[in-house]
Protein chains: 2
Amino acid sequence: MALKYSRQRESIKKYLATTKEHPTADMVYNNIRKQYPNISLGTVYRNLNLLVDQGDIIKFTTGDGSDRFDSKTNKHYHFVCNKCSNVSDLFMEHDFIDLINKSAEENFNGEIQGHDILFYGLCKDCQES
Amino acid sequence: MALKYSRQRESIKKYLATTKEHPTADMVYNNIRKQYPNISLGTVYRNLNLLVDQGDIIKFTTGDGSDRFDSKTNKHYHFVCNKCSNVSDLFMEHDFIDLINKSAEENFNGEIQGHDILFYGLCKDCQES
DNA sequence: GTCCTTGCAAATAGTTTGCAAGCCG
DNA sequence: CGGCTTGCAAACTATTTGCAAGGAC
């Protein structure tokens with residue numbers, strides 16, 4: 001529980017806080033390597049999982065095989081473009097999020113505690129081209 | 001495109017049509033092996049992907065590392081129990097499904113074509129124990 | 001006979017882990 | 001110093017693929 005400071009972890013945290021892509025572990029690795037060429041992929045994975053455990057970041061998947069990481073920890077959804085595969089954030093009213101849970105509970109024999117949604121379609125850029 | 005008959009594929013199809021668990025490839029493999037002890041995991045994967053391509057079954061993930069397969073191809077959601085990890089189906093009104101897409105589109109700069117939802121909570125059995 | 005399908009094994013992708021050395025407090 | 005953290009490499013899990021033999025039509 002008592003995490004010690006490490007510049008590698010700080011660097012990962014800072015990168016996630018500033019990027020808008022929702023990077024995979026490998027993307028994080030390649031980015032941090034610019035500053036710390038000796039960092040290892042294992043260290044990246046270890047720190048990403050530590051940050052997830054602490055609730056500093058979240059981990060999710062788009063079903064493409066690798067996990068993705070996001071420093072925005074407030075409740076929101078994700079969108080994947082069917083054409084360029086880029087991942088974006090999609091925020092919705094908390095009231096509507098609750099409504100989805102409530103509606104699900106009406107159709108389900110058990111207790112709904114939450115949900116994740118992955119939207120797909122065409123992002124603005126691909127729509128225009 | 002022209003698929004030839006194979007008893008292995010038929011067996012996989014039949015098993016998926018009758019099971020209510022949402023099996024991983026490995027679970028399918030272990031089940032089919034009772035009837036065809038020599039079937040290989042590669043054959044199971046190949047056939048599952050063929051069936052997905054044909055639209056006979058769907059593939060989805062709960063984020064636990066392995067893909068799951070479902071012979072119910074009509075639009076519906078999935079639920080994972082936080083305690084026993086079992087996966088169940090969760091059907092909702094098509095009107096509400098459309099409403100979710102519409103609401104998302106209001107909050108997003110791009111075209112929403114669809115979505116998947118993974119609900120989580122406690123299933124009936126775990127609620128009672 | 002043609003060519004799709006299979007079993008087997010090797011290869012690949014993503015992630016985790018054991019270990020000795022390094023760094024924080 | 002003690003113990004968390006790192007780099008490296010090996011191990012693991014899930015899935016895919018090359019190939020020669022087998023089966024469908």
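Throughout, a chain's letter reflects where its sequence line sits, starting with A, and its residues are numbered from 1. Predicted model only: the values in this text are computed from it and were never measured.
Contact annotation for A/Thr43: base contact, defined as any heavy-atom pair under 4.0 Å involving a base atom. Note on A/Asp67: only backbone sugar-phosphate atoms sit closer than 4.0 angstrom, heavy atoms only; bases stay farther off. Note on A/Gly42: a base of the nucleic acid sits closer than 4.0 angstrom, heavy atoms only.
Side chain of A/Ser11 to main chain of A/Arg7: no donor-acceptor pair is present (N/O by atom type, distance under 3.5 Å, no hydrogens or angles).
Heavy-atom minimum distance, A/His22 versus A/Asp89: NE2-OD1, 2.8 Å. The minimum heavy-atom distance linking A/Glu105 with A/Ile112 is given by the pair OE2-N, 3.1 Å.
Counting side-chain heavy-atom gaps under 4.5 Å among Ile, Leu, Val, Met, Phe, Trp and Tyr, the cluster of B/Phe69 also holds B/Ile12, B/Tyr15, B/Leu16, B/Val28, B/Tyr29, B/Ile32, B/Tyr36, B/Ile39, B/Leu41, B/Val44, B/Tyr45, B/Leu48, B/Leu51, B/Val52, B/Ile57.
Enclosure of atom CD in A/Glu93 is not indicated, since only 12 or fewer non-hydrogen atoms of other residues, nucleotides or ligands lie within 6.0 angstrom.
Contact annotation: B/Arg9 reaches the phosphate of C/dT5 (side-chain N/O to OP1 or OP2, under 4.0 Å). When the side-chain nitrogen and oxygen atoms of A/Asn49 are compared with OP1 and OP2 of C/dT15, none of them lie within a distance under 4.0 Å.
Here the options are A/Phe96, A/Phe119, A/Phe91, the test is ring pair (Phe, Tyr, Trp, His ring centres under 6.0 Å), and the partner is A/His76; only A/Phe91 passes.
The ring of A/His115 has its center closer than 6.0 angstrom to the ring center of A/Tyr77.
One can place CD1 of B/Ile12 at 12 Å from P of C/dT5, the figure rounded to the nearest angstrom. One can place CG of A/Leu41 at 8 Å from C1' of C/dT15, the figure rounded to the nearest angstrom.
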Pick out the pairs of N or O atoms, protein on one side and nucleotides 21-25 of chain C on the other, that lie under 3.5 Å.
unit_1	atom_1	unit_2	atom_2	d
C/dC24	O2	A/Lys4	NZ	2.9

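The nucleotide range of DNA chain D contacted by chain A, defined by atoms under 4.0 angstrom from heavy atoms of the protein and reported 5' to 3', is D/dG2 to D/dC8.
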